[in-house]
Amino acid sequence: MTPLEREIRTIIETEGPLTVSDYMQLCLAHPRHGYYVTRDPLGTRGDFVTAPEVSQMFGELIGAWVAAVWRQMGSPAKVHLVELGPGRGTLMADALRAARALPEFRAAVSVHLVEISPALRARQQQTLAAEGPVQWHETIESIPDGPAIVIANEFVDALRVHQFVRDSDGWHLRVVGIVDDKLGFLVAPVPMPKDFNAKSPDAPNGAILELRNEVPIEQLSQRIARRGGAALIIDYGHATPGFGDTLQAVREHKYADPLADPGEADLTTQVNFDELIVWARRNGAAAHGPITQGEFLRRLGITQRAARLKENATPLQAADIDSALARLTAPDQMGELFKVLAIADPKLGPLPGFDR
Ligand code: SAH
């Protein structure tokens, strides 16, 4: 039994079952035993591989996107470049390297990383050592005032969600308790209040509804609406709302049981992009997209970028570039399941990659 499972059992025995949201939070961010707190989960020897780890093209194209948005903002003398959940810092390093081509932009940028993991902060510090000063933050709120361009790749999927199960008398919270001496999913006996149930009256019995914690994205949207700038959110998920349990655990590149070995697997749910758009708009920001990652990267010129890189490559390197290109853009790989959404200051108008 993992130390975190022991702790979770104690909580359940003394306070009753945990919501799925609290369970996710403990598994990912418990101050001593949380999955992200205790390790660097990325890479082939870790648990999963993300787009910036697949190829430098990803971060470079996003660097070019950020610079184009900065120009559209009127090339302000100071802009915060913020990344939420930067992992190993690879995306930011590739983006900043690409930005050197635009010295005026590079000079305007101050870099802010929002990261809860001490292990990953150390890794980010190494990766970004050559790129000048960087500031770390626990939450979006502590980033200093002023216009900002924000990047979040595979960050939102790790933000906690509540799950609800539909029954004939309405929606019930899905919780984690102890069943046959193991952690198991249960359904809270009392239905949610009437107002809540009015939201989706047509759901069939047994349907599962997921609602993510809106606080981080609402704060982000407010900030962008008030102070200017844009946020680029890239994640796996769906563009139209639906019902279903998407909670998944990944460990050593394989799916695992989300309740087995808490704290030892990555725990995420698919992003409901519709929900993000609602949160953005009700806080005064505009939303662009979502469009698929494949389409977005093609519009930013990934095909041409790959061809340029191949000009000076050995045959082996060229094959790697081709396979990275396919991995990032092909419909049966990351190209379609991953989507890109921008939350922006409405004054900016159409944004690069979204403007057709
Ligand atoms: N963006 C990176 C890493 C994705 S993994 C990449 O594409 O490779 C998720 C990242 O978000 C990790 O850096 C993790 O430590 C961080 N993270 C997860 N939940 C967080 C939270 N609530 N606040 C800040 N960072 C968080």
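Indexing begins at 1, ligand by ligand and atom by atom, following the structure's order.
Remark: Glu60 engages Arg97 in a salt bridge, criterion side-chain N to carboxylate O under 4.0 Å. Ion pairing of Lys182 with Glu5 is absent here, as no side-chain N (NZ or NE/NH1/NH2) approaches a carboxylate O to less than 4.0 Å. Salt-bridge formation is detected for the pair Asp22/Arg160: a Lys NZ or Arg NE/NH1/NH2 atom is positioned less than 4.0 Å from an Asp or Glu carboxylate oxygen.
Nearest protein heavy-atom contact of atom 9 (C) of ligand 1 is Glu154 O, 3.4 Å. The single protein non-hydrogen atom nearest to atom 22 (N) of ligand 1 is Leu159 CD2, 4.1 Å, given as residue, atom name and distance. For atom 13 (O) of ligand 1, the nearest protein heavy atom (residue, atom name, distance) is Glu115 OE1, 2.6 Å.
Considering Gly59, Pro86, Gly43, Gly85 only, the shortest heavy-atom separation from atom 11 (O) of ligand 1 involves Gly85.
Residue-level proximity to ligand 1 for Ile116 is carried by backbone and side chain together, each with a heavy atom below 4.0 angstrom. Within the 4.0 Å heavy-atom criterion, the part of Pro52 lying near ligand 1 is the side chain and not the backbone. Under 4.0 Å from ligand 1, the heavy atoms of Thr50 that appear belong solely to its side chain.
At a 3.5 angstrom cut-off on N or O pairs, Leu120 does not count as close to ligand 1. Residue Asn153 has at least one nitrogen or oxygen atom sitting less than 3.5 Å from a nitrogen or oxygen atom of ligand 1, judged on distance alone.
Applying side-chain hydrogen bond (donor to acceptor under 3.5 Å, both in side chains) to Trp136 and the options Gln124, Gln125, Glu115 leaves one that passes, Gln124. The residue from Asp257, Asp261, Asp47, Asp266 that alone fulfils the side-chain hydrogen bond (donor to acceptor under 3.5 Å, both in side chains) condition with Arg251 is Asp261.
Looking at Ile11 and Leu26, their side chains come closer than 4.5 Å, going by heavy atoms from C-beta outward.
Near Phe155, the atoms of ligand 1 lying under 4.0 angstrom from a non-hydrogen atom of the residue are 11 (O), 20 (C), 21 (C), 23 (N), 24 (C), 25 (N), 26 (C). When each atom of ligand 1 is checked for a heavy atom of Gly87 under 4.0 Å away, the hits are 2 (C), 3 (C), 13 (O). Numbered from 1 in the order shown, with element, the atoms of ligand 1 that lie under 4.0 Å from a heavy atom of Ser117 read 15 (O).
Ring planes of Phe196 and Phe164: tilted class, angle from 30 to 60°. Between Trp65 and Phe354, the ring-plane angle classifies as perpendicular under the 30° and 60° cut-offs.
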